[in-house]
Amino acid sequence: MAYETLEDFFGDIVGKARRGLGLSESSLADATGLSAGDIGLIESYELTPDESEILALAGALQLDGKKLVGIARGWVPAHGNSPHDDVRLSVERTILDAGMEVNAYALKCKTTGEGAIVDAGGQAERILALVDGMGLALTHVLLTHGHGDHVGALAEVVAKTGARVCCCERDFGLLGNLKGLVTDPVDDGWRTNVGSVAIDAVSLPGHTAGGVGYGTDGVFFSGDALFAGSMGGATGPAYAGQIRAVTEKALSRDEKTRVFPGHGPITSIGEELANNPFFTR
């Protein structure tokens, strides 16, 4: 399976920003000169306004206008379906059906053969086939957050592999009984090794209180805090906090760093700085 479009379309981005800022359709319409009916059509993918109207929407929604125009015109990242491979590690993806399309990733240390799964959202047999296909000695399951579409296969994967489970304690309430499988509570500054590959964690709250990103040189797993061209939904203070956390802790990484999000195509820090309308340079 492969992605041909972004996870979020132009209308999704407008809706996420509007809800994040707590604006009604009518108040956004008043601020842009569009009608409330037009806003509804935009968010249901039935209307893409002209460039001047897109720029007016961006201004009212505190988005980058040039980047929002680019999204409306169909920007996608250059290597959205390409695995990662360098001298130290490899990363491969499988796209799962967990009620929606969701990504699971396998990271392999080339020195030791040890590896990690990032998020285990469903279809355990596909995740385990990825583990087997890469020849992984699975040591860790790294959870970016506790939503069901990211943890649905956790119990089966752990039962088959005995891997350690890493998750932020602030998301334990989302895990239900699965929280008993967590062996390593994760928070900002947490570190571990997968084989000889050092992994660090950063707190990216907003979409959930315990959202976490995991990184190593050249690679960053952003969960639902950052998508190609967008981000996971959040509202009120959590919305502003997520934008701030991603800006400070993810987008500050080397621009060549590849970003592996919870949904949609793979991207890079440089591409997000240049194209994601939620974030300004």
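This is a predicted model, so every value here is computed, not measured.
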Inter-residue atom distance [X].[atom1] - [Y].[atom2], 0.5 Å rounding:
| X | Y | atom1 | atom2 | value |
| --- | --- | --- | --- | --- |
| D200 | R191 | CG | CZ | 5.0 Å |
| T280 | K66 | OG1 | NZ | 13.5 Å |
| L23 | Q62 | CG | CD | 8.0 Å |
| I117 | T94 | CD1 | OG1 | 9.0 Å |
| L143 | L154 | CG | CG | 5.5 Å |
| L63 | L55 | CG | CG | 11.0 Å |

Working note: D86 + K256, criterion salt bridge (Lys or Arg N to Asp or Glu O under 4.0 Å); need CA distance, chi angles, decisive distance, verdict. CA-CA 13 Å; D86 63 33; K256 294 181 181 179; over 6 Å; no
For residues [X] and [Y], report the shortest heavy-atom separation together with the two atoms involved.
| X | Y | value |
| --- | --- | --- |
| E25 | A36 | OE1-O, 3.7 Å |
| A124 | V157 | CB-CG2, 4.4 Å |
| L175 | C167 | CD1-SG, 4.0 Å |
| A106 | M134 | CB-SD, 3.5 Å |
| A98 | G121 | CB-O, 3.6 Å |
| P277 | I13 | CG-CG2, 4.1 Å |

When you compare the side chain of [Y] with that of [X], does any pair of heavy atoms fall below 4.5 Å?
| X | Y | value |
| --- | --- | --- |
| L57 | L34 | yes |
| V76 | P265 | no |
| Y239 | F278 | yes |
| L128 | T161 | yes |
| K110 | D85 | yes |

Same cluster (ILVMFWY, side-chain, under 4.5 Å), [X] and [Y]:
| X | Y | result |
| --- | --- | --- |
| F227 | V202 | no |
| I39 | L41 | yes |
| I71 | L226 | yes |
| L204 | F172 | no |
| M231 | W75 | yes |

My understanding is that only one of V259, V246, I243 makes a side-chain contact (heavy atoms from CB on, under 4.5 Å) with L251; could you say which?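 Among the candidates, only V246 passes.
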Show me the pairs that pass side-chain hydrogen bond (donor to acceptor under 3.5 Å, both in side chains) and involve residues 132-144, at least two apart or across chains. D119-T144, H140-T192
Between the side chain of [X] and the main-chain N/O of [Y], is any donor-acceptor distance below 3.5 Å?
| X | Y | answer |
| --- | --- | --- |
| R258 | S82 | yes |
| R88 | D217 | yes |
| E114 | G195 | yes |
| D171 | H145 | no |
| T183 | V165 | yes |
| Q242 | H207 | yes |

Suppose clustering is done on Ile, Leu, Val, Met, Phe, Trp and Tyr with side-chain heavy atoms closer than 4.5 Å. Which residues sit in the same group as Y105?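 Besides Y105, the cluster holds L89, V91, L107, V118, L142, V186, W190, V194, V197, I199, V212, Y214, V219, F221, F260, I266.
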Taking the basic N atoms (NZ, or NE/NH1/NH2) and the acidic carboxylate oxygens, is any pair closer than 4.0 Å for [X] and [Y]?
| X | Y | value |
| --- | --- | --- |
| D187 | R170 | yes |
| E51 | R73 | yes |
| R126 | D97 | no |

Could you go through the side-chain contact (heavy atoms from CB on, under 4.5 Å) check for V151 and L174 one step at a time? CA-CA 10 Å; V151 303; L174 298 173; over 6 Å; no
Tell me whether the count of non-hydrogen atoms from other residues, nucleotides or ligands lying under 6.0 Å of NZ in K160 goes above 12. no
How about K249: does its NZ atom have over 12 heavy atoms from other parts shown lying under 6.0 Å from it?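 Yes, enclosed.
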Looking just at side-chain N and O atoms, do D30 and S27 make a donor-acceptor pair shorter than 3.5 Å?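 Checked: D30/S27 side chains show no N/O donor-acceptor pair below 3.5 Å.
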Decide whether H147 and D224 meet the rule of one side-chain donor and one side-chain acceptor closer than 3.5 Å. no
Test side-chain contact (heavy atoms from CB on, under 4.5 Å) applied to L28 and V14, step by step: CA-CA 10 Å; L28 180 56; V14 170; 4.3 Å; yes
Under 3.5 Å, side-chain donor or acceptor atoms of residues 3-10 against the rest of the protein: list the pairs with distances, not counting sequence neighbours.
unit_1 : atom_1 : unit_2 : atom_2 : d
Y3     : OH     : N103   : OD1    : 2.7
D8     : OD2    : K16    : NZ     : 2.6
D8     : OD2    : S230   : OG     : 2.6

Under 6.0 Å between the ring centres of H150 and H263? yes
